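To keep things clear, I will list the structure first and then write my remarks on it.
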Amino acid sequence: MEGKNFIKSENENFHNKLIKSNIAGDFTGNDKFYEIKGNPNKIVRLESFENLEQRYFNQIDASNLVEVGKKLFTELENKYAISVPVEFFIDKNEKGDDVVYAQVDRIDGVNLEKVEPTKEATEEIIKLYNSISIYYLDKSQKEENHLADINNASQYMYGKKNGDKEPRIYLTDTDLYINSGKVSLLHNIKWFLRHMGWVERKFNTKFEDARENIKKLIENISIPDNLTDTEKSNANREIREINEISIGDFSNLDKDEEGFISSSIL
């Protein structure tokens with residue numbers, strides 16, 4: 001993917017080349033899904049600069065956020081073998097406002113939440129969750145940015161893109177949700193475990209390697225001394241809840257339904 005992602009569109013009025021996609025009915029926010037005229041193998045979503053910058057309390061320029069995302073998605077594919085068939089274009093929408101277009105390959109298959117638990121699919125999903133756990137384990141040992149929204153099966157498709165011979169898992173929900181810092185990382189790991197438990201039940205298996213990686217992460221994570229008292233308290237709460245979820249106790253999660261919490265971008 002390196003060298004072709006997150007580029008300025010070389011074509012004027014990119015939006016004029018788009019038509020509404022027929023996959024939209026399967027997704028929420030379906031007015032965001034488009035295809036390129038004459039190219040049904042690509043699906044395009046868009047998000048305004050304004051919305052992206054508000055997500056991060058106007059502390060980062062949207063074009064810089066895209067560059068950070070470029071490095072993280074490329075790393076995810078090249079280092080952790082999680083396929084992300086995405087390209088980004090910065091251009092105008094029909095109103096002339098700056099937007100980011102995310103163009104992904106159309107996958108002929110099903111959402112990972114709906115896939116039949118065959119032997120082949122089970123093997124692939126075990127690999128996926130192990131890769132995500134290794135990603136989090138690596139990120140816990142450094143102070144750097146990380147992708148916050150890669151832990152839900154609904155964000156992946158199992159199938160073939162144009163040219164594939166065998167089905168595989170693809171990350172197709174590529175919204176720019178990015179975090180840094182240990183508190184937000186722990187929060188994301190907690191949600192990873194919440195989602196993973198459901199997937200394990202669906203596939204009637206335990207993701208032992210993934211669980212071992214998260215256990216190792218929690219045993220060795222270091223909470224920075226420069227955090228505020230509130231941040232330290234939140235970090236310790238997240239660790240406690242991660243440990244509780246690990247043993248199947250979800251009783252203390254009723255008041256925590258926030259999947260993404262904004263944090264600074266490094």
Side-chain angles (χ1 to χ4, degrees), residues 1-7 9 11 14-47 69-70 72-89 99-132 135 147 149-177 192 195-196 198-205 207:
M1 296 196 306
E2 187 63 26
K4 71 174 184 178
N5 282 355
F6 303 92
I7 61 178
S9 173
N11 304 304
F14 181 69
H15 189 273
N16 292 336
K17 300 184 177 185
L18 302 180
I19 56 176
K20 287 289 183 69
S21 172
N22 61 10
I23 73 162
D26 295 332
F27 298 88
T28 57
N30 53 34
D31 58 326
K32 292 184 178 181
F33 288 86
Y34 300 87
E35 295 175 15
I36 301 173
K37 294 176 184 177
N39 187 358
N41 293 321
K42 301 291 184 180
I43 303 298
V44 179
R45 296 179 67 182
L46 64 89
E47 191 156 15
K70 168 186 176 179
L72 292 174
F73 279 115
T74 299
E75 177 188 53
L76 193 67
E77 183 161 74
N78 291 348
K79 187 174 180 179
Y80 298 96
I82 297 175
S83 296
V84 195
V86 63
E87 298 176 84
F88 284 74
F89 299 89
V99 295
V100 176
Y101 292 97
Q103 177 180 287
V104 299
D105 288 336
R106 179 193 287 269
I107 308 301
D108 182 14
V110 295
N111 187 277
L112 205 56
E113 283 191 334
K114 300 177 181 179
V115 69
E116 290 296 321
T118 63
K119 177 178 180 294
E120 293 78 13
T122 300
E123 290 174 351
E124 288 296 309
I125 203 167
I126 289 173
K127 290 177 185 177
L128 171 67
Y129 275 83
N130 188 44
S131 293
I132 299 172
Y135 179 82
L147 294 166
D149 200 27
I150 61 172
N151 52 42
N152 192 339
S154 66
Q155 295 161 301
Y156 296 83
M157 294 285 290
Y158 180 68
K160 302 177 185 178
K161 65 181 178 65
N162 188 40
D164 283 350
K165 294 183 179 180
E166 300 293 335
R168 58 190 299 188
I169 295 174
Y170 290 98
L171 174 60
T172 55
D173 187 347
T174 55
D175 288 340
L176 292 168
Y177 287 99
F192 169 68
H195 291 308
M196 190 173 75
W198 178 87
V199 178
E200 287 176 320
R201 291 190 293 275
K202 175 180 173 63
F203 285 83
N204 193 29
T205 187
F207 302 158

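Just so we're clear, the structure is a prediction, and the values are computed from it rather than from any experiment.
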Would you say Tyr34 and Leu46 make side-chain contact, with heavy atoms under 4.5 Å? yes
Is Asn111 close to Met157 at the side-chain level, that is, under 4.5 Å between some pair of heavy atoms? yes
Would you please name every residue forming a side-chain hydrogen bond (donor to acceptor under 3.5 Å, both in side chains) with Tyr80, sequence neighbours left out? Asp138
For the OH atom of Tyr101 and the NE2 atom of His15, what is their distance to the nearest 0.5 Å? 5.0 Å
As an exercise, state the distance from CG of Leu147 to CZ of Phe73, rounded to the nearest 0.5 Å. 5.0 Å
Euclidean distance, Leu18 CG relative to Arg45 CZ, rounded to 0.5 Å: 14.0 Å
Could you tell me which residues satisfy salt bridge (charged side-chain N to carboxylate O under 4.0 Å, His left out) with Arg106, sequence neighbours excluded, listed by chain and number? Glu35
Just jot down the ring pair (Phe, Tyr, Trp, His ring centres under 6.0 Å) partners of Tyr129, sequence neighbours excluded, or say none. Phe192, Phe207
Residue set satisfying side-chain hydrogen bond (donor to acceptor under 3.5 Å, both in side chains) with Lys42, at least two apart, ordered chain then number -> Asp105
Would you name the heavy atoms of Ala153 and Leu112 that are closest together and state the gap between them? O-CB, 3.2 Å
Option passing side chain to side chain contact (heavy atoms under 4.5 Å, CB included) with Val84 (candidates Leu171, Thr74, Ile150): Leu171
Mind checking what makes side chain to side chain contact (heavy atoms under 4.5 Å, CB included) contact with Asp108, not counting sequence neighbours? none
Using a cut-off of 6.0 Å, state whether more than 12 heavy atoms not belonging to Glu123 lie near its atom CD. yes
For Glu120, salt bridge (charged side-chain N to carboxylate O under 4.0 Å, His left out) partners two or more places apart: none
Is there a side-chain contact between Leu72 and Leu76 (heavy atoms, below 4.5 Å)? no
When rounded to the nearest 0.5 Å, the distance separating CG of Asn41 from CD1 of Ile107 is 9.5 Å
Considering only heavy atoms from C-beta outward, does the side chain of Ile125 approach that of Tyr156 to under 4.5 Å? no
d(Phe203 CZ, Ile126 CD1) to nearest 0.5 Å is 9.0 Å
List in chain and number order the residues that pass side-chain hydrogen bond (donor to acceptor under 3.5 Å, both in side chains) with Tyr170, two or more places apart in sequence or in another chain; answer none if no residue qualifies. Asp164
Salt bridge (charged side-chain N to carboxylate O under 4.0 Å, His left out) involving Lys127 - partner list, sequence neighbours excluded: Glu124
Check for a donor-acceptor pair, side chain of Lys70 on one end and backbone N or O of Phe88 on the other, with a separation under 3.5 Å. no
Listed by chain and number, what are the side-chain hydrogen bond (donor to acceptor under 3.5 Å, both in side chains) partners of Ser83, not counting sequence neighbours? Arg168
Which residues pass the salt bridge (charged side-chain N to carboxylate O under 4.0 Å, His left out) test with Lys165, not counting sequence neighbours? none
Just verifying a value: how many Å separate Asn151 CG and Met196 CE, rounded to the nearest 0.5 Å? 10.5 Å
So, using side chain to side chain contact (heavy atoms under 4.5 Å, CB included) as the criterion, who are the partners of Asn152 when residues are at least two apart? Glu113, Ser154, Gln155, His195
Determine the minimum heavy-atom distance between Gly69 and Leu176, stating which atoms define it. CA-CD2, 4.1 Å
Side-chain heavy atoms of Val44 within contact of Phe89, under 4.5 Å: no
A side-chain contact here means heavy atoms from C-beta on lying under 4.5 Å apart; do Ile36 and Phe14 qualify? yes
